[in-house]
Amino acid sequence: MLDIKWLRENLDEAGASLKRRGDGTPVELEGLLDRDEQRRQCLKESETLKNQKKKLSATVGRLKKDGQDAADEMEQVRQINLRIKDLDAEVETCEREIEAKLLRIPNLPDRSIPDGVDEGQNREIRSCGQPPDFSFEPKSHVDLGESLDILDFKRAAKISGARFAVYKGLGARLLRALINFMIDVHTKENGYEEIYPPFLVNEDSLTGTGQLPKFAEELFQMRDDPLYLIPTAEVPVTNYHRDEILPEEALPVRYVAYTPCFRREAGSYGKDTRGLIRQHQFDKVELVQFVPPGRSWEALELLVANAESILQKLNLPYRVVVLCAGDLGFSAAKTYDLEVWLPSQGTYREISSCSNFTDYQARRSHIRYKKKEDGKTGFVHTLNGSGLAAGRLFVAILENYQQADGSVLVPEALRHYLDGEKWIRAR
RNA sequence: GGAGAGGUGGCCGAGAGGUCGAAGGCGAUUGACUCGAAAUCAAUUGUCCCCUUCCGGGGACCGGGGGUUCGAAUCCCUCCCUCUCCGCCA
């Protein structure tokens, strides 16, 4: 959420910045400062009265102790209380309104990101590796997976419905291998601490990271409890430090977490209906960082490099793009997507999204740090990125490592996790 | 799910309607002593909000919310959480 104090002085800048997102947000800024002004007026008067009340009550105490009459003072306080009640009600109304508005205003896009309305204007930063040159028509992971009997979409549909998959045999093992491989790289080489969080979270957590209140339709909600299935590990892991003040010496804090992720995918009915690309449930290894405000931009570059290291170790061709203002997620100030080459689609597809949220999530979820220098508190900057989406990585491996006979070569780096298995072949 | 106990500052722990943001201890910081350290002594040691250019002033917060009262950490209601025992269970 944006800082109301900052907005008082920079409303025009905020409006111009938000306009770049192209979703008509500036309108929501209207009335905000009026309510803020009204809130402060009422608060001021209320606090003055409370000060009087305090003094009068103390007088009553003294008088009663001395056995004197205090009826007059008591009556005065009664009158003051009536006024305070009205004022506080008004303050609360204003606060609620301001809060409700602020929670629906997205983060300000960073100045460095390109203009644009959708993914078409995202800008490639660099690419790495060459798309494989097949001497045959490459198959899709769906065809490969089904003929190798390691993926079963049909039975998944029976069990659960559309957009679910069953990984089977060596497929299940490969998925597990990918997850373990990624966690190992991030903990042993990239300096992250492993977290295994709950997969059900409450409303406060989802509000903290920005999924609520605006994007409830994307979430699976429990019927009988105020809990939601996590759409990403970002939610439980970022909220791990909600309502906390971290000592500056503890920063940066870096966590890696494997979790399944659950998304309703409302509004994407026609998209990626076949295969693993878009599922209601998928696995992801997520990287989350908490850093001092001055360090978040370098941290973002490092985060992207950490995510890239997985693709490099697996020799998968990919590129890095920076999202344009119109394609940016709600809470993010800047986002790099990693896109991996998918031979069956002849294109690069998103496999990771790495973002700097600056102080936006920290302000929503009250994650602060105490400065070493002067003991003052400030909001941390939060970042997170997929490192990587396991389901899509599974797709990339099947498709990029497929052979003319329909078998799949296991990348060198993974064999250790599969008891040295070099091939996935039809049985 | 049933029965009971409890949630107070970084931690431990008192406080049981009146000047309590809260005793005491521990921890931490600073100063004194010391060549230095330890020990000792002294001071400081929460967060948020409002007003103020600075200095400073004020309000709120004792799990959350509501109530009683001139006055609530203390009384009442309600919700949440933790712990113990029983039941059930991976």
Side-chain angles (χ1 to χ4, degrees), chain A residues 1-9 32-103 196-208 212 222-228 236 239-251 253 260 290 359 361-380:
Chain A
M1 134 174 103
L2 302 181
D3 182 5
I4 187 78
K5 286 181 195 165
W6 181 85
L7 278 173
R8 280 175 207 155
E9 309 296 323
L32 199 59
L33 293 190
D34 291 341
R35 294 306 266 163
D36 180 50
E37 180 58 34
Q38 191 182 356
R39 170 186 157 264
R40 280 146 70 210
Q41 283 300 327
C42 293
L43 190 64
K44 212 163 115 183
E45 192 182 339
S46 166
E47 288 186 349
T48 307
L49 290 173
K50 280 176 185 166
N51 186 230
Q52 286 179 29
K53 165 181 166 169
K54 255 185 151 173
K55 288 175 178 157
L56 283 167
S57 285
T59 307
V60 172
R62 248 179 281 117
L63 289 174
K64 288 206 163 185
K65 207 167 168 184
D66 299 345
Q68 294 180 15
D69 176 60
D72 190 37
E73 284 77 6
M74 282 161 71
E75 181 52 29
Q76 280 185 55
V77 176
R78 258 191 286 269
Q79 291 308 314
I80 289 176
N81 276 342
L82 293 176
R83 179 67 182 146
I84 290 177
K85 201 173 176 183
D86 286 349
L87 287 165
D88 283 354
E90 187 59 26
V91 169
E92 209 183 308
T93 305
C94 291
E95 273 174 359
R96 257 204 269 274
E97 239 174 81
I98 292 164
E99 170 98 346
K101 278 187 194 232
L102 285 178
L103 285 177
Y196 185 90
F199 302 157
L200 287 169
V201 295
N202 59 33
E203 216 164 87
D204 286 345
S205 293
L206 288 157
T207 304
L212 290 179
M222 298 299 109
R223 193 188 59 195
D224 296 328
D225 298 281
L227 292 169
Y228 301 76
N239 278 280
Y240 183 69
H241 287 303
R242 172 152 52 84
D243 296 325
E244 291 185 17
I245 300 174
L246 306 165
E248 186 170 13
E249 303 89 280
L251 304 178
V253 172
F290 304 82
D359 60 0
Q361 291 182 328
R363 185 167 279 116
R364 282 177 161 247
S365 42
H366 308 291
I367 305 170
R368 290 167 293 167
Y369 74 110
K370 193 184 270 285
K371 291 172 201 156
K372 200 174 177 166
E373 202 185 345
D374 55 8
K376 290 214 163 76
T377 58
F379 289 106
V380 300

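Only heavy atoms go into these numbers, but all of them, side chains included; no hydrogens, no water, no symmetry mates. The sequence lines fix the lettering, A, B, ..., with proteins before strands; numbering per chain opens at 1.
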Visitor: Rounded to whole angstrom, note down the P distance from B/A23 over to B/U45.
Guide: 11 Å
Visitor: Can a donor-acceptor pair be found between the side chains of A/Q41 and A/E45 at a distance below 3.5 Å?
Guide: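 Side chains of A/Q41 and A/E45: no pair found under 3.5 Å.
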Visitor: Side chains of A/T207 and A/D204: do they bring a donor and an acceptor to under 3.5 Å?
Guide: no
Visitor: Please tell me which of A/K5 and A/N51 maps to the more 5' nucleotide of RNA chain B, matching each residue to the nucleotide holding its nearest heavy atom.
Guide: A/K5
Visitor: Once you apply the 3.5 Å cut-off to both distances, tell me the Watson-Crick or G-U wobble partner of B/U19, or none.
Guide: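 Here B/U19 is not engaged in any pair, so there is no nucleotide opposite it.
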Visitor: Taking only the P atom of each, what is the distance from B/G10 to B/A22 in whole angstrom?
Guide: 14 Å
Visitor: Under a 3.5 Å cut-off for both distances, is B/G36 Watson-Crick or wobble paired, and to whom?
Guide: none
Visitor: Sticking with atom P, work out how far B/U19 lies from B/A60, rounded to a whole angstrom.
Guide: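 These two P atoms come out 14 Å apart once rounded.
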Visitor: Can you measure A/D204 atom CG to B/G65 atom C1' for me and round it to whole angstrom units?
Guide: 14 Å
Visitor: Given B/A60, B/C50, B/C70, which nucleotide is nearest the side-chain atoms of A/E47?
Guide: B/C50
Visitor: Report the nucleotide, chosen from B/C51, B/C70, B/U19, that has the shortest atom-to-atom distance to any side-chain atom of A/R40.
Guide: B/C51
Visitor: Please report the distance, rounded to the nearest Å, between NZ in A/K50 and C1' in B/C50.
Guide: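 Spelled out: NZ on A/K50 to C1' on B/C50 is 11 Å.
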Visitor: Tell me which of A/E73 and A/G375 sits closer to the 5' end of RNA chain B, going by the nucleotide each one is nearest to.
Guide: A/G375
Visitor: For the pair made of NZ in A/K376 and P in B/U45, what is the distance, rounded to whole Å?
Guide: 15 Å
Visitor: Round to a whole Å and report the spacing from CG of A/L56 to P of B/U69.
Guide: 18 Å
Visitor: Please report the distance separating the C1' of B/C20 from the corresponding atom of B/A73, rounded so that it comes out in whole Å.
Guide: 8 Å
Visitor: Starting at CE of A/M74 and ending at C1' of B/U68, how long is that distance when rounded to a whole Å?
Guide: 13 Å
Visitor: Which parts of residues 362-371 of chain A get close to RNA chain B, meaning a heavy atom less than 4.0 angstrom away?
Guide: A/R368, A/K370
Visitor: Quick one: do A/E47 and A/K50 make a salt bridge, cutoff under 4.0 Å?
Guide: no
Visitor: With a 3.5 angstrom cut-off on both distances, give the Watson-Crick or G-U wobble partner of B/C88, or none if there isn't one.
Guide: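 With both distances under 3.5 Å required, B/C88 matches none.
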Visitor: Please determine if A/E92 and A/R96 form a salt bridge, counting it only when a charged side-chain N lies under 4.0 Å from a carboxylate O.
Guide: yes
Visitor: Starting the side chain at C-beta, find the nucleotide from B/C70, B/C50, B/A60 nearest to A/K54.
Guide: B/A60
Visitor: Which nucleotide, B/G71, B/C51, B/U19, lies nearest any side-chain atom of A/K44?
Guide: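 The answer is B/C51, which lies nearest to the side chain.
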Visitor: Check A/R39 against A/I98 and note the closest heavy-atom contact, atom names and distance.
Guide: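 Taking A/R39 first and A/I98 second, the nearest heavy atoms are CD-CD1, 4.2 Å.
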Visitor: Expressed as a whole number of Å, how far does the P atom of B/G65 sit from that of B/C80?
Guide: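 Pairwise P distance, B/G65 against B/C80, rounds to 15 Å.
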Visitor: Could you check whether A/V77 gets within reach of a base, just the sugar-phosphate, or nothing at all, counting any heavy atom under 4.0 Å?
Guide: sugar-phosphate
Visitor: Do NZ/NE/NH1/NH2 and the carboxylate oxygens of A/R40 and A/D36 come within less than 4.0 Å?
Guide: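 A salt bridge links A/R40 with A/D36.
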Visitor: Can you tell me the pairing partner of B/U30 across any strand shown, Watson-Crick or G-U wobble, with both distances under 3.5 angstrom?
Guide: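 Partner of B/U30: B/A42.
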Visitor: Check the pair A/Q361 / A/R364 against side-chain hydrogen bond (donor to acceptor under 3.5 Å, both in side chains), numbers first and verdict last.
Guide: CA-CA 5 Å; A/Q361 291 182 328; A/R364 282 177 161 247; over 6 Å; no
Visitor: Please give the distance between the P atoms of B/C11 and B/G4 as a whole number of Å.
Guide: 30 Å
Visitor: Taking only the P atom of each, what is the distance from B/G7 to B/G63 in whole angstrom?
Guide: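 Going atom to atom, P in each nucleotide, I get 8 Å.
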Visitor: Find the distance A/L82:CG to B/C70:C1' and express it as a whole number of Å.
Guide: 13 Å
Visitor: Return no unless some side-chain N or O of A/S57 is found under 4.0 Å from OP1 or OP2 of B/A72.
Guide: no
Visitor: Does the pair A/L82 and A/D86 meet the rule for a side-chain contact (heavy atoms from CB on, under 4.5 Å), with working shown?
Guide: CA-CA 7 Å; A/L82 293 176; A/D86 286 349; over 6 Å; no
Visitor: Base, sugar-phosphate, or nothing for A/T48, non-hydrogen atoms under 4.0 angstrom?
Guide: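 Touches nothing.
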Visitor: Taking only the P atom of each, what is the distance from B/C54 to B/U44 in whole angstrom?
Guide: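 25 Å, rounded to whole Å.
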Visitor: A/K64 has an atom NZ; how far is it from atom C1' of B/U19, in whole Å?
Guide: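 So the two atoms are 16 Å apart, to the nearest Å.
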Visitor: Under the side-chain contact (heavy atoms from CB on, under 4.5 Å) criterion, do A/V253 and A/Y240 qualify, and how do the steps go?
Guide: CA-CA 11 Å; A/V253 172; A/Y240 183 69; over 6 Å; no
Visitor: Within the 4.5 Å heavy-atom criterion, are A/M74 and A/R78 side-chain neighbours or not?
Guide: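 The answer is yes; the side chains approach within 4.5 Å.
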Visitor: Under a 3.5 Å cut-off for both distances, is B/A60 Watson-Crick or wobble paired, and to whom?
Guide: B/U47
Visitor: Under a 3.5 Å limit for both distances, which nucleotide forms a Watson-Crick or G-U wobble pair with B/A5, could you say?
Guide: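 When the pairing criteria are applied, B/U82 turns out to be the nucleotide that pairs with B/A5.
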Visitor: Side chain of A/I245, heavy atoms from C-beta onward: which of B/U19, B/U47, B/G18 has the nearest atom to it?
Guide: B/U47
Visitor: With both distances kept under 3.5 Å, what pairs with B/C54, Watson-Crick or G-U wobble?
Guide: none
Visitor: Whole-Å distance between B/U30 P and A/D374 CG?
Guide: 15 Å
